There are 2 protein chains.
Amino acid sequence: MRLSTKGRYAVTAMMDLAIHEPKGPVTLAEISRCQSISLSYLEQLFSKLRRENLVRGVRGPGGGYRLAKPADEISIAQIIAAVDEKVDSTCGGDAGCDEGNTCLTHELWCGLSKRIYEFLDGISLKDFLSRPAVQDVIQRQNSASNRPAFPLN
Amino acid sequence: MRLSTKGRYAVTAMMDLAIHEPKGPVTLAEISRCQSISLSYLEQLFSKLRRENLVRGVRGPGGGYRLAKPADEISIAQIIAAVDEKVDSTCGGDAGCDEGNTCLTHELWCGLSKRIYEFLDGISLKDFLSRPAVQDVIQRQNSASNRPAFPLN
DNA sequence: TATAAACCAAGTAAATTAGTCAAGTATTAT
DNA sequence: ATAATACTTGACTAATTTACTTGGTTTATA
């Protein structure tokens, strides 16, 4: 488990999708504009998210991306794991330490790493949707058309 | 909060210190050899750990590093925060999104980030010391002299 | 058919991580 | 005192990862 800006981008983008879910697909161009991330970088991230079956692309005009499953089946851990290259990390085994203490600390780290994963796996996108502030946004979007007639490009 | 190999190095090195605490100071050279991390890189990391008052250097022959406080007062979060440069990360505020949804997702991320920190702050080095496998090592080191008469350099 | 979107791939720039080198300073054993 | 040990600091380099760029191709809608 690894935690960097890359993972943050992916998670916030997924939150965006989750929030807009009732409204329909969200385009990467919108996310790019809103979150100030380059479009092509988003494309790369979403290509990985798609490969892990977390999002589904809808092609053509009016298309975009939406969640591939219900928000309560998508955990933060899944999102981060999807975009991070798995650097299998520890316990190469070739260290050759005096007393085997080496692999003891490695083992301890693995244990910690596992706990972090489990922690993040216990938090789903739906947990965010339940926040009052988010609910407000969803309400607003359902009640009125928010697409401006002349979108700024 | 950020989680990378850098933080892992710091945490495993600190585990090492905690395990050897009863025996006395641990030299960076030993950690370098055992964990296959370059000595100078360790020096950089430990310089940061010392600045945050997590370790204490003992100079002169027979010297090394030891924990600056009891193992139950040092959390994983503290260690990782010490070696990571704080990239204050989110909510630059200059994005200028249509409906303020931007800062909503940022806010959600900040909430998550805080929860991760709290989680890691709830895990102390002492938690590792309580593991049976670690206790064995400490026992072995207390009972017999482990320093070889002719250390390999 | 024109357009708006996802999709794809190769390459580049910037940032971070990791390691190296070198010249110190402090401490202790002898 | 002196030498050995070990920490301290800074500047520099290489490798890796992150982020972005460019230039396309498909696909679906209108």
Side-chain angles (χ1 to χ4, degrees), chain A residues 2-13 17 20 24-33 35-68 80 82-89 92 147 150-153, chain B residues 2-13 17 24-33 35-51 54-66 68 80 82-89 92 147 151 153:
Chain A
R2 196 157 160 186
L3 213 58
S4 63
T5 50
K6 198 173 183 177
R8 192 183 77 217
Y9 284 160
V11 171
T12 51
L17 257 56
H20 293 89
V26 181
T27 70
L28 293 190
E30 281 172 303
I31 298 178
S32 167
R33 213 177 326 118
Q35 313 240 21
S36 318
I37 313 172
S38 101
L39 178 60
S40 313
Y41 192 44
L42 274 175
E43 280 174 350
Q44 283 175 39
L45 297 181
F46 271 75
S47 140
K48 290 178 181 178
L49 293 171
R50 203 174 64 86
R51 236 172 283 149
E52 297 293 325
N53 199 38
L54 297 177
V55 298
R56 199 159 48 79
V58 181
R59 293 180 147 190
Y65 278 99
R66 54 189 354 184
L67 300 181
I80 293 175
V83 297
D84 279 353
E85 357 281 324
K86 4 259 161 211
V87 194
D88 64 310
S89 70
R147 304 235 181 209
F150 300 98
L152 319 159
N153 71 326
Chain B
R2 196 158 160 183
L3 213 59
S4 64
T5 50
K6 198 174 185 177
R8 192 182 79 218
Y9 284 160
V11 170
T12 51
L17 257 54
V26 181
T27 70
L28 293 190
E30 282 174 302
I31 298 178
S32 167
R33 211 177 328 118
Q35 312 239 23
S36 317
I37 313 173
S38 101
L39 178 59
S40 313
Y41 193 44
L42 274 176
E43 282 171 351
Q44 285 175 38
L45 296 181
F46 270 74
S47 139
K48 290 179 181 178
L49 293 172
R50 204 176 63 87
R51 235 172 283 151
L54 296 177
V55 299
R56 198 160 49 80
V58 180
R59 295 178 144 189
Y65 277 99
R66 57 186 354 181
I80 293 174
V83 297
D84 277 354
E85 357 281 322
K86 7 255 159 214
V87 195
D88 64 311
S89 68
R147 306 233 179 212
N153 70 327

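A, B, ... follow the sequence lines: proteins, then strands. Residue 1 opens every chain. The shown structure was predicted, so the numbers you read here are calculated from the model rather than taken from an experiment.
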Atom pair distance, as rounded to whole Å: [atom1] in [X] and [atom2] in [N]:
| X | N | atom1 | atom2 | value |
| --- | --- | --- | --- | --- |
| B:Arg56 | C:dT27 | CZ | P | 13 Å |
| B:Leu17 | D:dC7 | CG | P | 11 Å |
| B:Ile80 | C:dT16 | CD1 | P | 18 Å |
| B:Lys6 | D:dT16 | NZ | C1' | 14 Å |
| A:Leu45 | D:dA19 | CG | P | 8 Å |
| B:Ile37 | C:dT17 | CD1 | P | 14 Å |
| B:Arg59 | C:dA29 | CZ | P | 16 Å |
| A:Leu3 | D:dT17 | CG | P | 17 Å |

Identify whether any heavy atom of [X] sits under 4.0 Å from a base atom; if not, whether one sits that close to sugar-phosphate; answer base, sugar-phosphate or nothing.
| X | result |
| --- | --- |
| A:Tyr65 | sugar-phosphate |
| A:Leu39 | nothing |
| B:Ser4 | sugar-phosphate |
| A:Gly57 | sugar-phosphate |

Between [options], which nucleotide has the shortest distance from any of its atoms to the side chain of [X]?
| X | options | value |
| --- | --- | --- |
| A:Leu28 | C:dA6, C:dA26, C:dT17 | C:dA6 |
| B:Arg2 | C:dT17, D:dT21, D:dT18 | C:dT17 |
| B:Arg50 | D:dC20, D:dA4, D:dT8 | D:dT8 |
| A:Gln44 | C:dG11, C:dT20, C:dT16 | C:dG11 |

Of A:Gly64 and A:Ser40, the one whose closest DNA chain C nucleotide lies more 5': A:Gly64
Under 3.5 Å: donor-acceptor pair, side chain of B:Thr12, backbone of B:Arg8: yes
From A:Asp84 atom CG to A:Lys48 atom NZ, the distance as rounded to the nearest 0.5 Å: 8.0 Å
Under 4.0 angstrom between A:Thr5 side-chain N/O and D:dA19 OP1 or OP2: yes
C:dG19 phosphate, OP1 or OP2, under 4.0 Å from B:Tyr41 side-chain N/O: no
Polar side-chain contact B:Glu43-D:dC7 base: donor and acceptor under 3.5 Å: no
Side-chain contact test, heavy atoms from C-beta onward, threshold under 4.5 Å: evaluate it for [X] versus [Y] and give yes or no.
| X | Y | value |
| --- | --- | --- |
| A:Tyr41 | A:Lys6 | yes |
| B:Glu43 | B:Ser40 | yes |
| B:Ile31 | B:Phe46 | yes |
| B:Leu42 | B:Tyr65 | no |

Given DNA chain D, 5'-ward residue of the pair A:Tyr9 and A:Pro61, judged by closest heavy atom: A:Tyr9
